[in-house]
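Chain identifiers are assigned alphabetically (A, B, ...) following the order of the sequence lines, protein sequences preceding nucleic acid strands; residue numbering begins at 1 within each chain.
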Amino acid sequence: MVRVRFAPAPTGALHIGGARTALFNWLYAKHFGGKFILRIEDTDIVRSTNKWVKTILEELKWLGLDWDEGPYFQSDRLDIYKRYAERLVKEGKAYYCYCSREDLEKHRRKMQRLKRRSVYSGTCRELTPSQRKHYESQGRKPTVRFKIQHPGTTVVSDLIRGTSSFDNSILGDFIIIKSTGTPTYNFAVVVDDYEMGITHVIRGEDHISNTPRQILIYKALSVDPPKFAHLPLILGQDRTPLSKRHGEISITHYIENGYLPEALVNYLSLLGWGLTSSPQILSREELIKDFTLERVSKASAVFDIEKLLWINSEYIKRMDISRMTDICITYLKKVGLVEFNVKNSWFKEVIKLYKDRLKTISQIAEFASFFFEKEVNYSKEAINILNKEGTSQVLKKVKERFVEQEDFDVFSVEKTVRSLALELGIKAAKIIHPLRAALTGRTISPGIFDVVSLLGKERVINRIERALNLLKG
RNA sequence: GUCCCCAUCGACUAGCGGCUAGGUCACCACUCUUUCAAGGUGGUAGCAGGGGUUCAAGUCCCCUUGGGGACGCCA
């Protein structure tokens with residue numbers, strides 16, 4: 001049975017990279033009918049907060065990455081780590097270290113100055129009982145360090161990158177329990193992954209150099225390590241690791257700005273992974289069916305918002321119109337553009353006009369505002385069109401026709417405008433452009449006959465009158 | 001600095017010794033058209049460089065270059 005986990009630290013919102021890691025774990029579990037476990041790694045007491053835990057859970061739920069077990073919290077499991085650490089000390093595989101942070105920092109700086117790799121010097125490796133007693137009497141709180149066996153080599157085999165070996169001497173005796181009694185990342189992960197029966201550790205490439213340390217802990221504990229798979233990193237446009245500098249990277253931002261979860265999932269799945277036949281739009285089911293770690297690429301991938309936007313627009317185009325309408329109404333209410341009692345059937349017609357034009361749901365507010373606002377705001381370009389010679393004559397004529405007209409459906413409106421153009425001996429465009437400017441305040445809109453029809457007789461006439469007044473003044 | 005990893009169009013990728021190096025986004029042109037999108041058609045663009053191995057190298061090996069990661073009582 002495949003058991004995988006996603007283990008975020010609640011020190012910030014879920015970001016693009018974390019979401020991708022979660023997604024790949026989730027896909028792997030689903031593909032093999034295994035379990036996806038959520039574990040919160042909150043051993044950094046200072047930076048971890050409950051607020052972020054809540055945010056991360058919400059973001060995962062929005063993405064549809066439901067977990068089968070958890071969330072487990074490492075902060076609830078401190079006794080377990082302590083027990084394992086004590087066992088290692090008893091077996092001579094770990095030891096208490098009384099070195100102060102200052103001493104360690106000094107050593108680190110010295111090694112840096114000498115351009116040497118900084119590894120723990122092993123000062124406390126062979127303390128005698130009386131030395132320990134002496135330190136204890138000074139009130140020093142020890143850390144627990146893992147004893148690295150060297151000489152020796154540790155081989156890491158990775159499902160994505162094959163094997164690579166590390167000389168143990170570069171590892172250094174690392175801390176597994178902090179002086180506060182909480183475990184460090186490397187130790188807690190191993191204990192948890194073992195206790196939780198994790199079979200595959202799928203995580204970011206930045207963890208690759210932690211892996212030999214973790215393997216040595218598994219060995220010391222006399223248990224088999226899980227299989228490892230390190231995913232390539234996600235980079236920004238400048239090929240440095242994706243961060244806030246590159247723009248919005250929190251999932252919350254994408255939730256709030258009109259992206260669809262299935263679109264984001266689809267895009268994320270394509271970052272560092274691809275099919276032989278390369279369709280780009282893949283449903284959740286197709287992803288689950290086709291996902292394998294063998295197809296994950298080794299090279300890091302650049303996050304491309306343009307492609308995400310394209311995928312999002314594809315999902316918008318394919319979306320059921322009723323659902324689309326609901327989502328848009330919810331969004332427009334949120335930004336205060338529409339009242340709470342909007343007429344759904346009318347609204348649906350408006351949304352239909354924009355379905356093929358939106359890249360994000362939030363663009364509806366920008367593109368269609370003139371449908372919802374009482375007063376039209378005229379853009380500079382629209383005013384230019386209105387100011388063209390003969391415009392007011394044309395607008396007056398159209399207005400007259402509209403006043404007389406009973407039916408305001410799209411066909412009737414189009415017929416009216418086109419026959420007027422014929423009568424006046426001008427091109428329909430000569431009427432359409434001023435009309436658009438007058439009704440929408442813009443030079444860009446969906447088809448003008450749809451706009452006229454949906455705006456309705458009263459508003460259309462009012463707006464034309466207002467535009468005419470504007471021209472006089 | 002040391003260790004580890006990586007390298008196909010601007011971006012994501014297909015390719016697992018024999019392809020005119022394929023697809024998608026973006027870009028450009030044309031088309032449709034009342035504007036803007038969407039749609040349709042076509043196009044520009046790539047194997048980082050150098051050595052090997054082989055009848056044959058984008059594909060295997062080595063070196064160089066470039067990029068990244070790690071070197072915390074962060075995870």
Discussion item. Can you check the distance between B:U59 and B:U53, where both ends of the measurement are the P atom (answer in whole Å)?
Written reply: 15 Å

Discussion item. For the C1' atoms, the ones on B:A7 and on B:G15, what distance do you get once it is rounded to whole angstrom?
Written reply: 15 Å

Fill in: Watson-Crick or G-U counterpart of B:U54, or none if no pair lies under 3.5 Å
none

Worksheet item: Would you say a side-chain N or O of A:Arg239 is under 4.0 Å from OP1 or OP2 of B:C12?
Response: yes

Worksheet item: Is any NZ, NE, NH1 or NH2 atom of the basic residue among A:Arg318 and A:Glu314 found under 4.0 Å from an Asp or Glu carboxylate oxygen of the other?
Response: yes

Worksheet entry | Side-chain ion pair, A:Lys106 and A:Glu102, N-O less than 4.0 Å | no

Discussion item. Taking the C1' atom in each of B:C30 and B:U44, what is the distance between them to the nearest angstrom?
Written reply: 15 Å

Worksheet item: Is there a Watson-Crick or G-U wobble partner for B:A21 with both distances under 3.5 Å, and which nucleotide is it?
Response: none

Worksheet item: For B:G39, does OP1 or OP2 lie under 4.0 Å from any side-chain N or O of A:Lys317?
Response: yes

Fill in: Worked check of side-chain contact (heavy atoms from CB on, under 4.5 Å) between A:Lys430 and A:Val394
CA-CA 8 Å; A:Lys430 287 279 182 199; A:Val394 169; 5.7 Å; no

Worksheet item: Does the distance from a Lys or Arg side-chain N to an Asp or Glu carboxylate O, for A:Arg203 and A:Glu41, drop under 4.0 Å?
Response: no

Worksheet, complete the sentence: Pairing partner of B:A7, by Watson-Crick or G-U wobble and under 3.5 Å for both distances, is B:U65

Discussion item. Base, sugar-phosphate or nothing for A:Asn210? Non-hydrogen atoms, less than 4.0 Å.
Written reply: base

Practice prompt. Check every atom of B:C3, B:G68, B:A37 against the side chain of A:Phe166 and return the nucleotide holding the closest atom.
Written response: B:C3

Discussion item. Tell me which one of A:Asn25, A:Asp192, A:Asp193 satisfies side chain to side chain donor-acceptor pair (under 3.5 Å) with A:Arg5.
Written reply: A:Asp193

Discussion item. With a 4.0 Å cut-off on N to O distance, would you call A:Arg161 and A:Glu205 a salt bridge?
Written reply: yes

Worksheet item: Taking N and O atoms by type only, does the side chain of A:Ser209 place a donor or acceptor under 3.5 Å from a partner on the base of B:C3?
Response: no

Worksheet item: Phosphate oxygens OP1/OP2 of B:G39: is one of them under 4.0 Å from a side-chain N or O of A:Arg357?
Response: no

Item to complete: Taking atom P in both B:U64 and B:C27, compute the distance separating them and give it to the nearest angstrom.
Response: 41 Å

Worksheet item: Any side-chain N or O of A:Arg108 less than 4.0 Å from the OP1 or OP2 oxygen of B:G72?
Response: yes

Worksheet item: Which residues, if any, of residues 42-56 of chain A bring a heavy atom under 4.0 Å of RNA chain B?
Response: A:Thr43, A:Asp44, A:Arg47

Discussion item. Rounded to whole Å, how long is the line connecting atom CD1 of A:Ile432 with atom P of B:U34?
Written reply: 7 Å

Discussion item. Using the P atom as the point on both nucleotides, what is the distance between B:A29 and B:G49, in whole Å?
Written reply: 31 Å

Practice prompt. Please lay out, stage by stage, how A:Ser118 and A:Arg108 fare under the test side-chain hydrogen bond (donor to acceptor under 3.5 Å, both in side chains).
Written response: CA-CA 6 Å; A:Ser118 85; A:Arg108 219 184 336 262; 5.3 Å; no

Practice prompt. Just call it for A:Gly172: base, sugar-phosphate, or nothing, with non-hydrogen atoms closer than 4.0 Å on any strand.
Written response: nothing

Fill in: Identity of whatever pairs with B:A70 - Watson-Crick or G-U, under 3.5 angstrom
B:U2

Practice prompt. Using a heavy-atom cut-off of under 4.0 Å over every strand shown, decide if A:Ser118 touches base, sugar-phosphate, or nothing.
Written response: sugar-phosphate

Discussion item. Using a 4.0 Å heavy-atom cut-off, does A:Thr182 contact any base of the nucleic acid, only the sugar-phosphate backbone, or nothing at all?
Written reply: nothing

Discussion item. Just checking A:Lys82: does its NZ atom have more than 12 heavy atoms from other residues, nucleotides or ligands closer to it than 6.0 angstrom?
Written reply: no

Discussion item. Distance check, P atoms only: B:G67 and B:A48, in whole angstrom units.
Written reply: 16 Å

Worksheet item: Within the structure, does a side-chain N or O atom of A:Lys178 lie under 4.0 Å from either OP1 or OP2 of B:A75?
Response: yes

Fill in: Side-chain N or O of A:Arg295 closer than 4.0 Å to phosphate OP1/OP2 of B:U13
no

Worksheet item: When A:Glu195 is tested against each of A:Tyr84, A:Tyr81, A:Tyr72 for side chain to side chain donor-acceptor pair (under 3.5 Å), which residue passes?
Response: A:Tyr84

Response to the item:
Any strand, both distances under 3.5 Å, Watson-Crick or G-U wobble: B:C30 pairs with B:G40

Worksheet entry | Test: A:Lys289 and A:Glu286 ion pair at under 4.0 Å | no

Discussion item. If I pick the P atom on B:A75 and the same atom on B:A70, what distance separates them, to the nearest angstrom?
Written reply: 14 Å

Worksheet item: Can you check whether A:Thr443 has a side-chain N or O nearer than 4.0 Å to OP1 or OP2 of B:U35?
Response: no

Discussion item. Strictly below 4.0 Å: does A:Arg161 bring a side-chain N or O up to OP1 or OP2 of B:C4?
Written reply: no

Worksheet item: With rounding to whole Å, what would you report as the distance between B:A21 and B:G58 at their C1' atoms?
Response: 8 Å

Worksheet item: Over how many whole Å does the gap from A:Ile170 atom CD1 to B:A70 atom C1' extend?
Response: 9 Å

Response to the item:
The answer to which of A:Ser165 and A:Pro183 contacts RNA chain B further toward the 5' end, by nearest nucleotide, is A:Ser165

Worksheet item: Which part of the nucleic acid, if any, lies within contact of A:Leu271, taking any heavy atom under 4.0 Å across all strands shown: a base, the sugar-phosphate backbone alone, or nothing?
Response: sugar-phosphate

Discussion item. Once you apply a heavy-atom cut-off of 4.0 Å, does A:Pro446 come out as touching a base, just sugar-phosphate, or nothing?
Written reply: base

Item to complete: Pick base, sugar-phosphate or nothing for A:Ser164, based on heavy-atom distances below 4.0 Å to the nucleic acid.
Response: sugar-phosphate

